[in-house]
Amino acid sequence: FVRLVMNHWHDTASPTDCSTPQGPDYISQECLSQFDKTLKWTTGELGAWSIITARSALAAGDGGSGATIFTNKTLKTQWIAMWSALAKRYANTSKIAGYEVMSEPRTTSPASLVHSIQQEVCNSVWLHDPNATCFIGPAKFYDRRNLNGTYLLSGGPVIYAANFFEPEVWVTSKSFN
């Protein structure tokens with residue numbers, strides 16, 4: 001089982017970011033070529049189930065007001081189109097376990113807004129690949145204490161992710177010898 005955190009979309013200001021302002025898919029050809037090659041290896045040669053995962057620090061909340069999928073309708077539309085294109089592209093690829101549409105949302109937006117966008121994105125995935133699992137989790141950073149009924153999705157298979165990391169009790173001085 002391989003979790004491929006290779007979809008860096010509005011993740012940094014780096015020239016290697018996968019996002020592109022050109023539609024209809026809003027994802028660079030260079031990234032798609034890399035995905036094709038990587039998936040051919042993981043699902044083919046390696047024979048592993050794979051999850052296509054997005055790390056999108058800026059789009060997921062770090063971009064600030066007006067620069068996230070939660071605060072910018074154009075960016076949200078591009079986000080949904082990008083996931084739809086990926087699901088369409090890989091719908092017939094064996095051993096795609098699913099799509100983790102936003103690894104650890106960084107937003108402080110209300111759970112109802114995060115949920116509605118996750119539902120829209122997962123619907124766009126299921127439109128092309130109804131058997132794909134949609135991996136989602138609560139904001140902020142998959143905090144398990146925020147996972148509740150608000151995040152329940154309908155329409156296809158879902159796996160809910162939650163972190164058990166608790167930053168307020170992070171141990172820094174204990175020796176683990």
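It should be emphasised that the depicted structure is a prediction, and the values quoted were computed from it without experimental measurement.
We find the OG1-CG distance between Thr93 and Leu39 to be 6.5 Å, quoted to the nearest 0.5 Å. Here CD of Glu100 is found 4.0 Å from OG1 of Thr53. Values are rounded to the nearest 0.5 Å. Between atom CH2 of residue Trp49 and atom OG1 of residue Thr133 there is a gap of 8.5 Å, rounded to the nearest 0.5 Å. Distance CH2/Trp79 to OG/Ser84: 13.5 Å, rounded to 0.5 Å. Distance check, rounded to the nearest 0.5 Å: CG of Asn131 to CD1 of Ile96 gives 13.0 Å. Remark: Ser109 OG to Ile117 CD1 distance equals 7.5 Å, nearest 0.5 Å.
Across all their heavy atoms, Ser103 and Arg3 have their closest contact at OG-NH2, 3.0 Å. Across Ser124 and Ile80, no two heavy atoms sit closer than the pair OG-O, 3.6 Å. Nearest heavy atom pair, residue Gly137 against residue Tyr151, reads O-CE2, 4.0 Å. Closest approach of Val101 to Ala54, counting heavy atoms only: O-CB, 3.8 Å. For the residue pair Ile51 and Ala97, the shortest heavy atom distance occurs at CG1-CB, 4.1 Å. Across every non-hydrogen atom of Tyr99 and Ala91, the tightest pair is OH-N, 4.4 Å.
Ring planes of Phe35 and Tyr90: tilted class, angle from 30 to 60°.
For Asn148, the CG atom counts as densely surrounded, since its 6.0 Å shell holds more than 12 non-hydrogen atoms of other residues, nucleotides or ligands. Residue-environment remark: NZ (Lys88) stays at or below the threshold of 12 foreign heavy atoms within 6.0 Å.
In the model, Ser112 has no side-chain atom that pairs as donor or acceptor with a side-chain atom of Thr150 under 3.5 Å.
Panel note: side chain Gln119, backbone Ser154; a donor-acceptor pair is recorded below 3.5 Å. With hydrogens and angles ignored, the 3.5 Å screen pairs a side-chain donor or acceptor of Thr68 with a backbone N or O of Thr71. In this structure a side-chain-to-backbone donor-acceptor pair under 3.5 Å is present from Asn72 to Gly66. At least one donor-acceptor pair under 3.5 Å links the side chain of Asp17 to the backbone N or O of Ser19. The main-chain N or O of Thr42 is never found under 3.5 Å from a side-chain atom of Ser50 such that the two would form a donor-acceptor pair. Listed for the Asn146 side chain is no donor-acceptor partner under 3.5 Å among the backbone atoms of Pro138. Formation of a donor-acceptor pair under 3.5 Å by the Lys76 side chain with backbone atoms of Phe70 is not found in this model.
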task: Could you check Trp9 against Tyr26 for side chain to side chain contact (heavy atoms under 4.5 Å, CB included), going step by step and ending with a plain yes or no?
output: CA-CA 9 Å; Trp9 196 92; Tyr26 303 100; 4.3 Å; yes
message: Under the criterion side chain to side chain contact (heavy atoms under 4.5 Å, CB included), I'd like the reasoning laid out for Ile52 against Trp83: C-alpha separation, chi angles, the key distance, then a yes or no.
response: CA-CA 10 Å; Ile52 300 172; Trp83 277 112; 4.2 Å; yes
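Within the structure, disulfide bond (SG atoms under 2.5 Å apart) contacts touching residues 30-68 (residues at least two apart or in different chains) are Cys18-Cys31.
With hydrophobic clusters built from ILVMFWY side chains whose heavy atoms lie under 4.5 angstrom apart, Ile136 does not share a cluster with Phe141. Both Leu152 and Met102 are assigned to one and the same hydrophobic cluster, defined by single-linkage of ILVMFWY side chains at heavy-atom distances under 4.5 Å. At a threshold of 4.5 Å between side-chain heavy atoms, the hydrophobic network of Ile, Leu, Val, Met, Phe, Trp and Tyr places Leu153 and Ile69 in one connected group. Side-chain heavy atoms closer than 4.5 Å link hydrophobic residues (I, L, V, M, F, W, Y) into clusters, and following such links, possibly through other members, connects Leu4 to Val125.
For the side chain to side chain donor-acceptor pair (under 3.5 Å) with Asn163, the lone residue among Arg145, Glu104, Arg144, Lys140 that qualifies is Glu104.
In this structure, Met82 and Asp25 have side chains that are not in contact, with every pair of non-hydrogen atoms separated by 4.5 Å or more.
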